[in-house]
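Here is the naming used below: chain letters follow the sequence lines, and residue numbers restart at 1 for every chain. Source: prediction; values computed, not measured.
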Amino acid sequence: DAKTTQPPSMDCAEGRAANLPCNHSTISGNEYVYWYRQIHSQGPQYIIHGLKNNETNEMASLIITEDRKSSTLILPHATLRDTAVYYCIPSGAGSYQLTFGKGTKLSVIP
Amino acid sequence: DVKVTQSSRYLVKRTGEKVFLECVQDMDHENMFWYRQDPGLGLRLIYFSYDVKMKEKGDIPEGYSVSREKKERFSLILESASTNQTSMYLCASSPGQATREAFFGQGTRLTVV
């Protein structure tokens with residue numbers, strides 16, 4: 001699986017959009033990009049995933065660059081409950097496991 | 001909603017005890033996983049199972065074993081608990097082979113004294 005680079009921490013004002021970047025320059029052609037988050041004292045929660053097209057669901061949007069070397073998770077209107085560690089995880093079809101890195105600790109500020 | 005239920009939220013055991021951590025999922029998922037999470041080390045995969053009675057080692061299987069006799073239940077066994085197995089243990093399940101949309105339980109915080 002590809003290695004990832006995420007900023008260790010970010011702040012976002014409540015109600016504003018939170019844009020969380022991830023660099024995955026070694027991603028291979030069959031690897032999807034998955035995003036999870038982990039709120040304190042809870043298990044990780046799946047957010048969204050994509051291959052090369054931008055994706056949107058009720059939680060977030062995922063923007064993947066055309067060369068697929070990086071992606072951005074967008075929380076359009078961050079709330080205090082979005083304070084969590086966010087993980088970007090490339091994962092190929094042949095692998096069962098998710099490899100969690102250190103992620104980005106997002107703090108939403110009132 | 002998919003539910004992954006771990007039998008205990010907190011557990012305290014003595015060194016040398018045999019410890020069973022139980023996990024049950026209610027969505028007929030093929031795959032089940034056991035992770036442990038430690039500060040500074042993140043989540044690490046211990047074992048996973050892609051079918052009943054099938055198991056595969058993850059990154060850190062030493063000191064652990066697993067059992068999957070029924071599709072909905074995946075047990076993690078510490079044959080002889082040691083203090084370095086004090087950790088948060090997380091169970092997860094996912095459907096099929098092509099998806100990594102995993103659903104996690106709330107975790108079991110195990111302390112070995």
Side-chain angles (χ1 to χ4, degrees), chain A residues 1-9 22 24 27-52 55-60 62 64 71 73 84-106, chain B residues 1-6 8-10 21 23 25 27 29-51 54-61 66 68 74 87-109:
Chain A
D1 292 339
K3 297 244 185 282
T4 60
T5 303
Q6 295 180 257
S9 64
C22 179
H24 35 78
I27 197 168
S28 61
N30 70 347
E31 285 186 302
Y32 285 77
V33 180
Y34 286 80
W35 282 83
Y36 279 75
R37 72 181 183 183
Q38 187 172 21
I39 295 169
H40 183 61
S41 296
Q42 296 184 21
Q45 176 189 23
Y46 164 83
I47 302 172
I48 197 167
H49 73 281
L51 184 63
K52 53 184 175 181
E55 303 287 344
T56 295
N57 64 19
E58 65 279 1
M59 287 182 70
L62 175 60
I64 302 174
S71 59
L73 179 76
V85 178
Y86 288 77
Y87 299 95
C88 158
I89 306 172
S91 186
S95 169
Y96 283 96
Q97 67 177 359
L98 294 162
T99 301
F100 288 79
K102 296 190 185 304
T104 296
K105 181 173 172 55
L106 175 70
Chain B
D1 279 352
V2 174
K3 193 170 255 187
V4 178
T5 303
Q6 295 183 227
S8 303
R9 192 83 170 98
Y10 300 94
L21 302 183
C23 176
Q25 51 97 0
M27 282 300 290
H29 284 170
E30 287 79 5
N31 309 315
M32 295 189 75
F33 307 82
W34 276 106
Y35 290 84
R36 65 176 281 178
Q37 185 170 27
D38 302 286
L41 296 176
L43 279 90
R44 294 178 290 167
L45 182 66
I46 305 171
Y47 268 98
F48 69 96
S49 168
Y50 54 87
D51 202 352
M54 305 302 290
K55 61 184 179 185
E56 293 284 343
K57 293 180 180 179
D59 298 322
I60 51 163
V66 291
R68 193 165 180 204
F74 192 36
S87 186
M88 171 68 84
Y89 290 88
L90 290 154
C91 175
S93 72
S94 71
Q97 189 173 359
T99 178
R100 304 292 172 270
E101 185 178 343
F103 296 84
F104 282 79
Q106 287 290 86
T108 296
R109 182 160 296 282

L43(B) side, atom CG; L98(A) side, atom CG - distance, nearest 0.5 Å:
9.5 Å
Any donor-acceptor pair under 3.5 Å linking the side chain of K102(A) with the backbone of G40(B)?
yes
Could you tell me whether the side chain of Y36(A) and the main chain of A102(B) form a donor-acceptor pair under 3.5 Å?
yes
Taking every non-hydrogen pair under 4.5 Å, which of Q37(B), Q6(B), R44(B) racks up the most with chain A?
Q37(B)
CD/Q45(A) to CZ/F103(B) distance, rounded to the nearest 0.5 angstrom?
9.5 Å
One should read off an interatomic distance between Q106(B) CD and S41(A) OG, to the nearest 0.5 angstrom, of 9.0 Å
Answer with side chain, backbone, both or neither: which region of L90(B) has an atom nearer than 4.5 Å to a non-hydrogen atom of chain A?
side chain
Say you draw a straight line from CD1 of I47(A) to CD of E101(B); how long is it, rounded to the nearest 0.5 Å?
11.5 Å
